[in-house]
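Note that the coordinates shown come from a computational prediction; the quantities given were computed from them, not determined experimentally. No hydrogens, no waters, no symmetry mates; every other heavy atom, side chains included, goes into these values.
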Amino acid sequence: MNKFYSMLGLCRRAGELLPGRLPVEKGIAKSNVRLVIIAEDASENTKKKFVSLCNDKNIIYIIAGNMSYIGKSIGRDNTAVIGITDENLSNKLLAEAKEVLTNGGE
């Protein structure tokens with residue numbers, strides 16, 4: 001596990017993470033979400049849906065990591081979508097996501 005997945009756990013413990021499709025959808029609708037993370041191995045429908053929702057509300061999103069690692073890092077089963085509600089944590093996660101993307105998702 002690298003810093004990206006560790007940061008996800010930190011966000012959860014800080015209460016700044018929305019886990020799963022429904023909570024993230026609600027967070028986007030209320031504009032409470034600063035960053036949406038979509039797992040690379042999420043279904044194409046899930047990716048399209050959340051990319052569209054984020055674009056409609058001008059919310060930054062990334063497609064990074066995989067459902068298993070994301071789920072484990074936040075104490076859940078496989079998780080395809082999470083939302084981060086804190087601006088500072090979002091910025092740190094974006095920086096760490098660059099590492100995940102350049103290292104092939106691990």
K.L.:
Does Met67 offer a backbone N or O that forms a donor-acceptor pair with the side chain of Asp41 under 3.5 Å?
P.N.:
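Yes, because the side chain of Asp41 sits within donor-acceptor range (under 3.5 Å) of the backbone of Met67.
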K.L.:
Mind running side chain to side chain contact (heavy atoms under 4.5 Å, CB included) on Tyr5 and Glu96 for me, showing each step along the way?
P.N.:
CA-CA 9 Å; Tyr5 296 110; Glu96 293 301 333; over 6 Å; no
K.L.:
Distance from Lys72 atom NZ to Ile70 atom CD1, nearest 0.5 Å?
P.N.:
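So the NZ of Lys72 and the CD1 of Ile70 are separated by 12.5 Å.
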K.L.:
Any side-chain heavy atom of Ile63 sitting closer than 4.5 Å to one from Glu40?
P.N.:
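The answer is yes, as the side chains (C-beta and beyond) meet within the 4.5 Å cut-off.
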K.L.:
On a heavy-atom basis, which atom in Leu18 and which in Pro23 lie closest, and how many Å separate them?
P.N.:
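Distance-wise, the nearest heavy atoms are CD1-O, 3.6 Å.
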K.L.:
Could Lys49 and Glu25 be called an ion pair, given the rule that one side-chain N must be under 4.0 Å from one carboxylate O?
P.N.:
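Answer for the salt bridge query: yes.
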K.L.:
Say you draw a straight line from NZ of Lys92 to CD1 of Ile84; how long is it, rounded to the nearest 0.5 Å?
P.N.:
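The CD1 atom of Ile84 is 12.5 Å from NZ of Lys92, to the nearest 0.5 Å.
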K.L.:
Taking the side chain as every heavy atom from C-beta outward, state whether Tyr69 and Leu8 have any pair of such atoms under 4.5 Å apart.
P.N.:
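Side-chain contact under 4.5 Å: no.
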K.L.:
Could you check whether any side-chain heavy atom of Tyr61 comes within less than 4.5 Å of a side-chain heavy atom of Ile37, counting everything from C-beta outward?
P.N.:
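Answer no - side chains too far apart.
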K.L.:
Do the side chain of Lys47 and the main chain of Ala39 share a donor and acceptor less than 3.5 angstrom apart?
P.N.:
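Between the backbone of Ala39 and the side chain of Lys47 there is no qualifying donor-acceptor contact (under 3.5 Å).
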K.L.:
Under 3.5 Å, side chain of Thr79 to main-chain N/O of Gly20, donor-acceptor pair present?
P.N.:
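Side chain of Thr79 to backbone of Gly20, a donor-acceptor pair under 3.5 Å: no, none is there.
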K.L.:
Is it true that, when you exclude Asp77 itself, more than 12 heavy atoms of the residues, nucleotides or ligands shown sit nearer than 6.0 Å to its CG?
P.N.:
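Open: at most 12 neighbouring heavy atoms sit under 6.0 Å from CG of Asp77.
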K.L.:
Can you give me the closest heavy-atom contact between Val33 and Gly83, atom names plus distance?
P.N.:
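Smallest heavy-atom distance, with atoms named: CG1-CA, 4.0 Å.
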K.L.:
Do Lys57 and Ser31 have side chains that approach each other closer than 4.5 Å (heavy atoms only, starting at C-beta)?
P.N.:
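They are in contact (side-chain heavy atoms under 4.5 Å apart), so the answer is yes.
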K.L.:
If you round to the nearest 0.5 Å, how far is CG of Leu93 from CD of Glu16?
P.N.:
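Those atoms lie 11.5 Å apart.
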K.L.:
Sort out for me which residue in Ile82, Ile62, Val24, Val51 forms a side chain to side chain contact (heavy atoms under 4.5 Å, CB included) with Ile38.
P.N.:
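Between Ile38 and the candidates, side chain to side chain contact (heavy atoms under 4.5 Å, CB included) is satisfied uniquely by Val51.
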K.L.:
Working to the nearest 0.5 Å, report the span between CZ of Arg34 and CG of Asn91.
P.N.:
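One gets 10.5 Å once the value is rounded to the nearest 0.5 Å.
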K.L.:
Can you tell me how far the CD1 atom of Ile59 sits from the CD1 atom of Ile28, to the nearest 0.5 Å?
P.N.:
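If we round to the nearest 0.5 Å, Ile59:CD1 and Ile28:CD1 are 5.0 Å apart.
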K.L.:
In Å, rounded to the nearest 0.5 Å, how long is the span from CZ of Arg12 to CG of Leu89?
P.N.:
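Between Arg12 CZ and Leu89 CG, I get 13.5 Å after rounding to 0.5 Å.
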